[in-house]
Protein chains: 2
Amino acid sequence: MKKAPYRLYLSEEEIPKKWYNLRADMKELPEPMINPATMKPALEEDLYPVFCKELAHQEMDDKTRYVDIPDEVREMYKIYRPSPLCRAYNLEKALGTPAKIYYKFEGNNTSGSHKLNSAIAQAYYAKKEGLKGVTTETGAGQWGTALSEACAYFGLPLNVYMVKVSYEQKPDRKNIMKVFGADVTPSPSNTTNAGRKILAQNPDDPGSLGTAISEAVEVAVGTEGYRYVLGSVLNQVLLHQSIIGLEAKAAMDKLEEYPDIVIGCAGGGSNLGGLIAPYMQDKLLGKENPRIVAVEPASCPSLTRGKYAYDFCDTGKITPMAKMYTLGCEFTPSKNHAGGLRYHGMSPILSKLYHDGYMEAVSVEQTKVFEAATLFAKVETILPAPESSHAIRVAIDEALKCKETGEEKTILFGLTGTGYFDMKGYNAYIEGTMTDYIPTDEDLQVGFDKLPIIPGIQDEIK
Amino acid sequence: MKKAPYRLYLSEEEIPKKWYNLRADMKELPEPMINPATMKPALEEDLYPVFCKELAHQEMDDKTRYVDIPDEVREMYKIYRPSPLCRAYNLEKALGTPAKIYYKFEGNNTSGSHKLNSAIAQAYYAKKEGLKGVTTETGAGQWGTALSEACAYFGLPLNVYMVKVSYEQKPDRKNIMKVFGADVTPSPSNTTNAGRKILAQNPDDPGSLGTAISEAVEVAVGTEGYRYVLGSVLNQVLLHQSIIGLEAKAAMDKLEEYPDIVIGCAGGGSNLGGLIAPYMQDKLLGKENPRIVAVEPASCPSLTRGKYAYDFCDTGKITPMAKMYTLGCEFTPSKNHAGGLRYHGMSPILSKLYHDGYMEAVSVEQTKVFEAATLFAKVETILPAPESSHAIRVAIDEALKCKETGEEKTILFGLTGTGYFDMKGYNAYIEGTMTDYIPTDEDLQVGFDKLPIIPGIQDEIK
């Protein structure tokens with residue numbers, strides 16, 4: 001083992017040249033998507049009206065193990081990658097643990113998170129295919145910011161539908177997207193049928209992610225030369241995000257270190273799937289056996305309390321159905337301060353791996369999360385995003401277990417981003433006004449009751 | 001010349017072990033400070049009630065060329081340093097210039113700016129001397145955030161007096177400081193005589209940096225075991241910030257590059273003085289002759305239109321007087337979106353170097369600054385702070401001159417920080433509501449008329 005620096009940066013040449021496609025090594029593949037129009041497994045062509053062709057191909061391709069990262073994408077990666085692998089010496093000291101804690105920090109770019117890794121790839125393929133523009137939705141604004149940066153770089157017009165209440169409450173997020181040249185529309189809007197319908201019912205509707213997706217997809221499908229892009233859940237997104245894990249592993253290899261535990265926060269799964277990719281490969285191939293832990297909010301516990309069932313990926317029920325751990329696309333999680341972890345489902349790839357016993361999952365309450373975040377900020381001097389802080393919480397808990405047992409475990413977690421636009425949550429924590437929420441079984445049943453029935457495929461919900 | 005990567009990170013071992021004290025190589029030293037109580041040159045001991053001893057010593061020491069960076073300070077530097085030396089390939093391409101543009105990026109830390117470099121040193125010495133706490137003031141909040149981080153790390157209590165209007169308009173900045181455990185008081189407050197006096201006149205007084213300094217100094221001087229700390233202007237701050245330039249030079253040396261032009265924004269001078277330190281040394285020693293350019297806002301033009309005269313460092317006139325380029329401590333610059341560049345004076349060291357012809361200075365208007373900032377963000381994908389964007393503006397202008405002449409000049413500028421908390425300015429620019437302001441000679445005369453008369457030393461203002 002070599003003495004790790006606080007921050008280990010690989011060189012520019014060491015940025016991976018290929019993404020890794022976890023599906024190519026899975027013993028059993030995730031169940032196929034179902035096209036709601038035909039109620040049959042979706043084909044690659046079924047995705048063409050929504051996604052550009054190369055991305056539709058990546059979405060369906062479960063055989064190609066390594067996918068070349070285009071030079072143009074790697075060129076933009078070089079502006080902010082490799083991201084550092086950090087040794088949390090100060091956190092270890094503060095905890096008095098014999099454990100070694102590492103984190104892969106993805107927040108050192110203006111989007112403030114790992115989302116940029118996939119945004120660049122998606123914008124590149126769209127531009128290469130000659131598209132005139134893309135649409136997307138954003139809630140808290142991280143994905144929208146990342147995509148705005150990528151589209152500005154490649155000169156691709158972008159329409160972002162931003163949940164109206166966020167648009168109004170987070171003007172800074174909206175303005176950053178505008179600096180990067182994106183067109184940001186508060187949703188519901190008068191620009192789509194979906195939006196007009198909702199406004200007709202209630203002109204003051206605050207909007208929802210479901211409505212914003214519906215608007216973005218409607219515009220993409222209905223405008224010549226436009227397609228829709230999405231920042232999480234999808235197989236293509238996990239493929240692009242594998243760069244996180246590949247870099248982390250390359251850096252740890254240099255230190256002659258191998259993690260006993262790999263921890264990531266999980267909303268739709270984009271960060272977790274990327275971070276764990278090469279470690280899961282080792283596990284699938286029987287080379288190594290690290291523990292892999294997904295951390296989700298107790299208020300939105302898709303892995304720990306959801307059903308493994310076919311469900312729509314969006315609240316509007318216009319996307320293909322995927323088999324995944326889900327709380328039901330009509331489940332509305334209580335408001336909490338980790339907007340990026342409020343998704344009803346989980347990446348089908350991660351869902352399958354969890355179902356087959358390759359991963360653990362744990363849920364944590366937000367006051368405990370912010371307690372961890374605040375300690376982390378003070379000793380590591382990075383203000384973490386609330387989402388990332390879920391992983392910090394469990395990394396701390398595991399390190400404290402090591403303190404009890406005296407084990408010198410090596411812990412690796414994903415620090416997905418920074419929390420500069422999440423001060424409302426921090427303030428609530430400091431002021432002591434933060435509350436926790438755990439849905440009852442009855443609360444969850446409401447979502448489960450509305451899961452789709454697919455004749456011959458999903459006749460009942462177990 | 002070697003092919004530069006987009007981002008060049010030195011290794012942890014390459015973080016400088018000594019700060020460089022520019023005064024040791026100056027042909028003529030800055031004029032001594034004057035103690036307003038005695039109207040005579042201030043002694044080191046005169047500073048003890050305000051600054052801790054080691055910092056008072058650094059403030060007065062114009063002989064020691066290299067000052068050891070304490071191990072504890074270097075240890076904290078390792079969490080976010082070395083900062084990257086970046087090659088702006090994309091900006092060069094967007095401009096179509098043959099010039100090579102480099103920037104030293106100091107924004108990759110939670111304080112979002114270079115201020116942390118001196119905050120760590122000041123907090124360390126205060127803690128080492130056994131102080132019970134320190135006080136400071138903050139306007140826009142960058143310095144307060146940096147100091148909060150440093151004090152949290154060393155376990156030193158901190159009272160920040162924050163200009164009330166900023167406290168109310170920038171709650172996020174205040175909350176970040178609180179996350180790091182700082183005690184933040186809106187100024188004017190009821191906690192000091194200075195504050196009570198102002199509140200008695202006007203309970204709704206919005207506060208000013210001058211009042212906040214007066215409150216912070218009053219508390220520091222009046223509380224046993226407390227001292228006051230300041231983030232710019234001072235000689236000690238330039239000493240600590242020399243780490244920026246030392247790292248930049250070490251990185252450029254690796255690339256076998258030497259800048260023809262070094263450009264930095266200048267408010268109180270902390271960043272500029274740090275960035276240029278080793279290059280100015282080359283110039284003072286006759287080894288090299290790079291152009292060194294200070295950039296200031298047209299609305300607060302201390303170098304380009306100020307007087308080189310003795311003045312107070314604070315609006316409250318309680319600090320020692322220093323000879324510097326100044327607009328007069330009673331000059332109130334118009335509001336603009338670069339809060340860090342609204343100081344009436346300029347570092348005495350930089351003022352002397354400018355006076356003696358070692359530096360150039362240029363002033364720019366804020367719409368042109370935000371135009372540069374927006375272009376930079378789009379191609380380099382870092383949202384720059386408005387302050388830093390003054391340097392970007394002039395770097396672009398110099399690169400465009402090279403485009404005309406065909407010269408392949410090497411340009412280095414300081415990117416001091418990120419603009420995540422400055423979206424109001426960006427929004428005004430995007431919306432087209434941003435205005436410029438250039439004070440008239442009459443406006444400036446008001447400030448000059450109130451410069452202090454010091455018998456035998458400054459009998460009149462020239």
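Throughout, protein chains are lettered first and strands after them, A, B, ... in sequence-line order, and every chain is numbered starting at 1.
Contact of B:Y89 with chain A is not made at all, since no heavy-atom distance falls under 4.5 Å. Only the side chain of A:I430 comes within contact range of chain B, judged by heavy atoms closer than 4.5 Å. For B:I382, the parts lying under 4.5 angstrom from a heavy atom of chain A are both the backbone and the side chain. Residue contact with chain A, scored on non-hydrogen atoms closer than 4.5 Å, involves the backbone and the side chain of B:N108 alike. With a 4.5 Å cut-off on non-hydrogen atoms, B:V379 touches chain A through its backbone but not through its side chain. With a 4.5 angstrom heavy-atom cutoff, A:F421 touches chain B only via side-chain atoms. Residue A:T418 does not touch chain B at all, counting heavy-atom pairs closer than 4.5 Å. In this structure, the portion of B:N90 lying under 4.5 Å from any heavy atom of chain A is its side chain and not its backbone. Proximity to chain A is absent for every atom of B:E13, based on heavy atoms less than 4.5 angstrom apart. At a 4.5 Å heavy-atom cutoff, the contact between A:N109 and chain B is made by backbone atoms alone.
Atoms CG and CG, on B:D422 and A:D172 in that order, are 9.0 Å from each other to the nearest 0.5 Å. Note that CD1 of B:I176 is 4.5 Å distant from CE of A:M423, once rounded to the nearest 0.5 Å. Taken from NZ in A:K174 to CG in B:N427, the straight-line distance is 6.0 Å, to the nearest 0.5 Å. Taking CG of B:L8 as the reference point, atom OG of A:S11 lies at 10.5 Å (rounded to 0.5 Å).
Between the side chain of B:R7 and the backbone N or O of A:I79 there is at least one donor-acceptor pair closer than 3.5 Å. In this structure, A:T381 contributes its side chain and B:E149 its backbone to no donor-acceptor pair below 3.5 Å. Here the side chain of A:T374 pairs no donor or acceptor atom with the backbone of B:V179 at under 3.5 angstrom.
Atom NZ of A:K78 has more than 12 neighbouring heavy atoms from other residues, nucleotides or ligands inside a 6.0 Å radius.
In terms of heavy-atom proximity, B:G181 sits nearest to A:K378 at N-CE, 4.1 Å.
Ranked by non-hydrogen atom pairs under 4.5 Å with chain B, the options A:F180, A:Y420, A:Y153 are led by A:Y420. Of the listed residues (A:A94, A:G419, A:P5), the one with the most heavy-atom contacts under 4.5 Å to chain B is A:P5.
For the residue pair A:E75 / B:Y6, a side-chain donor-acceptor distance below 3.5 Å is found, with atom types taken as modelled.
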